[in-house]
Amino acid sequence: MNDRYNGKESFEEWAEEWRMEDRYNFKAIEKKWQAIWDKEKAYKVEIDKNKEKFYALVEFPYPSGAGLHVGHPRSYTALDVIARKKRMQGFNVLYPMGFDAFGLPAENYAIKTGVHPAVSTQANIKTFTKQLKSLGFSFDWDRCIDTSSPEYYKWTQWMFIKFFEKGLAYKDKIAINWCPSCKVGLANEEVVNGHCERCGAEVVRKNKEQWMIAITKYADRLINDLQDLDFIDRVKAQQINWIGRSEGAELDFEFGEDKLTVFTTRPDTAFGVTYMVLAPEHAFVQKYMDRFENPDEVRAYVEATAKKSDLQRTMDDSKTGVELKGMKAKNPYTGDMIPVFISDYVLTGYGTGAIMAVPAHDQRDYDFAKVFHLPIIQVLEGGDISEKAWEEDGAHINSGFMNGMNKEDGMKAAIDYAVKNGFGRSKVNFKLRDWVFSRQRYWGEPIPMVYCEKCGWQPIPESELPLTLPEVPDYHPNDEGESPLSKAGEWLNATCPKCGGHARRETDTMPNWAGSSWYFLRYCDPHNDKEFASKEALDYWMNVDWYNGGMEHTTLHLLYSRFWHKFLYDYGLVPTKEPYNKRTSHGMILAENGEKMSKSRGNVINPDDIVAAYGADTFRLYEMFIGPFDQVAMWSDESLMGVYRFVSKVYGLFRKVYKDAVPGEKDLRAMHKCILEVTERIDQMKFNTAVSSLMTYVNYLSGMEKVPAEMYAVLLKLMAPFTPHLAEEMWARMGYSSLIIMESWPVGDAKLAEDNRVTYAVQVCGKLRGTVELPKGVAREEAEKAALSLDNVKRQTEGKDIRKIIVVPDKIVNIIV
RNA sequence: GCGGGCGUGGUGAAAUUGGUAAACACGCCAGACUUAGGAUCUGGUGCCGUGAGGUUUGAGAGUUCGAGUCUCUCCGUCCGCACCA
């Protein structure tokens with residue numbers, strides 16, 4: 001019986017071995033090499049001042065219960081390829097991974113099941129780690145971090161205290177974005193089209209006392225310092241747009257006993273101001289309520305506005321409002337007394353929450369003026385204002401001392417006049433708001449502050465850090481916006497570090513963006529328990545040389561972390577003013593039909609399944625081949641098959657490799673061309689064409705009778721960043737005892753890659769009529785002669801005058817008749 | 001409305017400074033071989049045409065000996081922001 005199955009017990013067993021002999025057994029190969037890399041700690045790095053460092057970074061994942069998505073490996077593989085190549089080129093490469101582990105899903109899961117978020121998070125981290133390891137990324141796992149571990153968030157809290165000490169963290173009662181579904185306050189950046197970025201519920205306004213961080217103090221530097229950074233343009237543009245800097249002036253209009261200050265980018269149009277508008281939330285509305293002749297009407301409008309969601313407020317662009325009857329404001333330029341309105345088209349959070357309206361030259365003011373039959377005075381020449389506002393430039397008219405001036409002179413004159421008469425000043429405004437830093441949820445870093453009746457808000461002493469999350473009986477937040485920590489009993493009681501009296505702990509936690517704002521620093525020195533990272537480690541490893549991540553973080557994590565880093569820099573805690581030298585972004589991977597992958601659509605592709613069916617190397621290579629890296633790509637099982645065939649082909653090619661075969665001139669040309677192309681294309685993130693180069697080279701090798709060992713070895717090295725397991729396996733089979741991932745990257749020779757013969761395209765009047773092969777660098781006369789002797793060219797030029805012949809060396813001959 | 005992209009075969013896509021458009025792959029067609037368990041190998045494949053040949057990069061114009069690439073106008077499409085004064 002045993003004979004029948006080649007000495008094996010069963011057919012399956014025999015077949016398995018048979019396949020291992022003859023077929024590409026990725027399962028065994030990948031398992032084997034992952035174990036070896038792990039055992040030898042092949043990717044562990046230490047500071048080595050004799051070597052140039054390279055810090056490659058990808059955004060660390062939130063360890064969700066759903067596990068790794070096919071989108072994650074696109075980014076991770078790309079930088080893994082870059083990191084591996086750099087390593088082979090002799091750099092000391094830091095390529096770390098960790099987990100952004102605080103966040104709402106773990107908490108919602110706890111509410112549903114009662115499982116503590118720490119427990120479910122650790123389980124998810126385990127799954128993620130296993131999945132990531134199965135893909136063969138060259139992460140230094142000894143540096144793995146977890147933002148929810150007290151050893152980590154101790155320093156997040158420590159940094160918060162620094163913000164507080166420097167006056168950048170403050171508590172303020174403001175109207176915040178409130179998500180009624182998550183029951184949590186949101187930062188402006190987390191609101192997308194009036195909806196919660198996480199759950200999609202409509203966001204409402206809520207007045208709440210919140211911890212704020214003064215990111216606006218860094219607005220100018222966040223724009224200006226972009227200039228020297230190698231970020232893709234759309235990231236720069238989006239950040240600049242988000243920060244929204246505008247130059248203009250603040251002008252004071254007399255109103256009651258006060259000065260009603262407005263911000264305007266066009267003080268030169270002040271002679272065209274025919275009314276003013278306050279946001280319904282403006283303080284003057286309440287202050288002067290009893291002086292209005294129509295307080296009931298005003299109150300009703302204020303209340304109606306408060307009930308509207310942000311979305312309702314912005315979607316409806318018809319103009320509504322109420323005049324504050326009985327009071328007028330005085331235009332400081334003209335002395336005119338003008339009516340004042342409240343309207344929800346004026347935003348409370350921008351500028352001063354009040355505007356001067358110039359209906360002739362602003363469409364919104366124009367629309368409002370039409371509804372309320374207000375005068376419209378044109379002060380800029382050029383347009384017809386009978387139908388709509390004139391928003392282009394023009395010489396000033398009806399503008400007193402500014403008449404005849406252009407925009408630039410008018411602006412200057414208007415501001416000079418205001419300054420001289422003490423009612424105005426030039427001013428820069430930003431759309432960016434301070435960062436709302438409080439969250440009324442459990443699973444986040446406790447804010448290390450206590451409130452003392454006598455001394456106010458005080459940070460807890462450094463010796464008490466980390467302030468660990470207490471156990472609570474119930475994770476539910478409530479509609480009043482009280483954090484679950486408010487049920488933490490004894491934990492709430494603290495001692496005021498200043499007076500020693502009784503104090504109460506802050507119960508809000510930090511937003512999930514806190515831990516990720518500085519994680520790249522921790523990777524430099526992840527086990528340090530004296531500092532967040534040693535100066536030596538920071539000096540050596542920072543900056544991040546190359547950071548890849550999603551576009552969706554451009555105005556969130558990317559902006560926050562740049563700001564956070566600048567703050568640390570200002571106080572000498574980090575050596576550089578920007579954290580990332582280069583930022584790139586990958587496109588999303590969509591389902592086969594172009595739809596987004598989502599659980600509800602049931603079209604999610606699980607990386608585990610692909611790895612099980614085709615192996616990690618095929619999966620990695622496919623994700624690099626799928627299309628231009630920075631663009632969205634559609635998953636295709638058929639294309640995946642093509643890549644699998646290619647990988648198998650490389651495996652099978654080994655049978656044709658001979659140590660005694662010597663490459664000829666043409667062979668070397670193909671090899672060096674491939675080296676040059678792959679090297680260059682990896683650097684440019686043109687992974688899809690780098691893979692094509694490899695395919696072209698493999699097609700060439702397949703056509704050879706005997707493949708010289710040298711040529712195959714080069715192929716393996718070039719493939720090592722993409723398909724490290726296969727490369728390692730075949731390298732070993734070739735008889736090398738070293739790890740290929742530590743071998744040196746091949747150097748291409750441009751001279752050897754060059755062909756000594758070139759094909760000229762021959763055109764007659766710009767139309768292709770033939771080609772001719774000539775030695776490289778022939779004299780133009782010779783090229784002309786060769787071109788004219790072509791039959792097809794003779795036919796085309798017969799009986800016609802040749803007027804001109806254009807010869808582009810080694811490229812083209814164009815005959816003009 | 002403002003800002004940033006994109007538009008090339010049946011499909012994903014290539015194309016240094018303007019210089020043979022469609023590399024590489026998928027799919028499809030034809031053939032070979034096959035105890036064969038997502039098979040493999042060889043050849044073909046932009047479109048029209050039996051053919052010579054003509055024609056082709058969203059549409060139109062311009063610059064040029066020559067334009068996928070540069071300029072202008074228009075159309076379509078995607079992303080981000082959006083009553084930001």
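Throughout, protein chains are lettered first and strands after them, A, B, ... in sequence-line order, and every chain is numbered starting at 1. Please read all numbers here as calculations on a predicted model, not as lab measurements. Excluded from the calculations below are hydrogen atoms, water molecules and symmetry mates; all remaining heavy atoms, backbone and side chain alike, are included.
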- Under the side chain to side chain contact (heavy atoms under 4.5 Å, CB included) criterion, do A:F26 and A:S648 qualify, and how do the steps go? CA-CA 9 Å; A:F26 53 83; A:S648 312; over 6 Å; no

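Only the P atoms considered, B:C28 is 15 Å distant from B:U11, to the nearest whole Å. Separation of the C1' atoms belonging to B:C78 and B:G58 is 15 Å when rounded to the nearest angstrom. Rounded to whole Å, the separation between the C1' atoms of B:G46 and B:G12 comes to 16 Å. B:G76 and B:G10 have their P atoms separated by 23 Å, with the value rounded to a whole Å. Taking the C1' atom of each, B:A22 and B:U77 are spaced 23 Å apart, rounded to whole Å. B:A15 and B:G7 are spaced 12 Å apart, taking the P atom of each and rounding to whole Å.
The environment of CD in A:Q227 is sparse: at most 12 heavy-atom neighbours from other residues, nucleotides or ligands sit within 6.0 Å.
Syn is the conformation of B:G9, whose glycosidic angle sits no further than 90° from 0.
Checked against side-chain contact (heavy atoms from CB on, under 4.5 Å), A:K751 has the following partners two or more places apart in sequence or in another chain: A:D749.
Near RNA chain B, meaning a heavy atom under 4.0 Å from it, residues 687-704 of chain A has A:N688, A:T689, A:S692, A:M695, A:T696, A:N699 in order of number. A heavy atom lying under 4.0 Å from RNA chain B marks the following residues of residues 345-358 of chain A, by number: A:Y345, A:V346, A:L347, A:Y350, A:I355. Within a heavy-atom distance below 4.0 Å of RNA chain B, the residues of residues 245-253 of chain A found are A:S246. Taken residue by residue, residues 807-814 of chain A places heavy atoms nearer than 4.0 Å to RNA chain B at A:V808, A:K811, A:I812, A:N814.
Checking side-chain atoms of A:H361 against main-chain N and O of A:W390 turns up a donor-acceptor pair under 3.5 Å. A:N429 contributes no side-chain N or O that, together with a main-chain N or O of A:R245, makes up a donor-acceptor pair within less than 3.5 Å.
Across all strands, A:F625 comes closer than 4.0 Å to base atoms (heavy-atom distances). Contact annotation for A:K649: no contact, since no heavy-atom pair falls under 4.0 Å across all strands. Within 4.0 Å of A:M551, counting heavy atoms only, lies no atom of the nucleic acid at all. A:G627 comes within contact range of no nucleotide atom at all, as no heavy-atom separation falls under 4.0 Å. When heavy atoms are screened at a 4.0 angstrom cut-off, A:Q631 is found touching no nucleic acid atom at all. Residue contacts for A:T771: at a heavy-atom cut-off of 4.0 Å it reaches a base atom on one of the strands shown.
For the pair A:N241 CG and B:G5 C1', the interatomic distance rounds to 14 Å; values are reported in whole Å. Separating the CG atom of A:L556 from the P atom of B:C79 is a distance of 18 Å, rounded to the nearest angstrom. At whole-Å resolution of the value, CZ in A:F263 and C1' in B:C83 are 16 Å apart. In this structure, OH of A:Y644 is placed 18 Å from P of B:A25, rounded to the nearest angstrom. Following rounding to the nearest Å, A:I815 (CD1) and B:G19 (C1') show an atom-to-atom distance of 15 Å. What separates CG of A:L768 from P of B:G54 is a distance of 11 Å, to the nearest Å. At whole-Å resolution of the value, OH in A:Y622 and C1' in B:G12 are 8 Å apart. Put simply, CD on A:E592 is 15 Å from P on B:U11, counting in whole angstrom units.
Both the sub-6.0 Å distance and the 45° axial angle are satisfied by A:K319 relative to the ring of A:Y345.
Rounding to the nearest 0.5 Å gives a distance of 5.0 Å between CZ of A:F341 and CZ of A:F368.
Two residues are said to be in side-chain contact when any heavy atoms from C-beta on lie closer than 4.5 Å; A:T352 and A:K427 fail this criterion.
A:R645 has a side-chain polar atom (N or O) that falls below the 4.0 Å cut-off from OP1 or OP2 of B:U40. For B:A52, the OP1/OP2 oxygens have no side-chain nitrogen or oxygen of A:R769 closer than 4.0 Å.
Judged by distance alone with a 3.5 Å cut-off, a donor-acceptor contact links the side chain of A:K319 to the base of B:C83.
In the model, A:E59 has no side-chain atom that pairs as donor or acceptor with a side-chain atom of A:H557 under 3.5 Å. Between the side chains of A:Y350 and A:S246, at least one donor-acceptor pair of N or O atoms lies under 3.5 Å.
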- Item | Summary of protein contacts for nucleotides 28-35 of chain B, nucleotide by nucleotide, where a base hit scores B, a sugar-phosphate-only hit scores S (4.0 Å, heavy atoms) | --------

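Position along RNA chain B of the nearest nucleotide to A:D637 versus A:R234 favours A:R234 as the more 5'-ward residue. Between A:D344 and A:E680, the residue whose closest nucleotide on RNA chain B is further toward the 5' end is A:E680.
Between A:R425 and A:E250 there is a salt bridge, with a side-chain nitrogen of the basic residue lying less than 4.0 Å from a carboxylate oxygen of the acidic one. Looking at A:K407 and A:D268, no side-chain N of the basic residue comes within less than 4.0 Å of a carboxylate O on the acidic one, giving no salt bridge.
Note on ring orientation: taking the six-membered ring where Trp is involved, the planes of A:F687 and A:F629 are perpendicular (angle over 60°, cut-offs 30° and 60°).
For A:A237, whose side chain is taken as the heavy atoms from C-beta onward, the closest listed nucleotide among B:G19, B:A13, B:G4 is B:G4.
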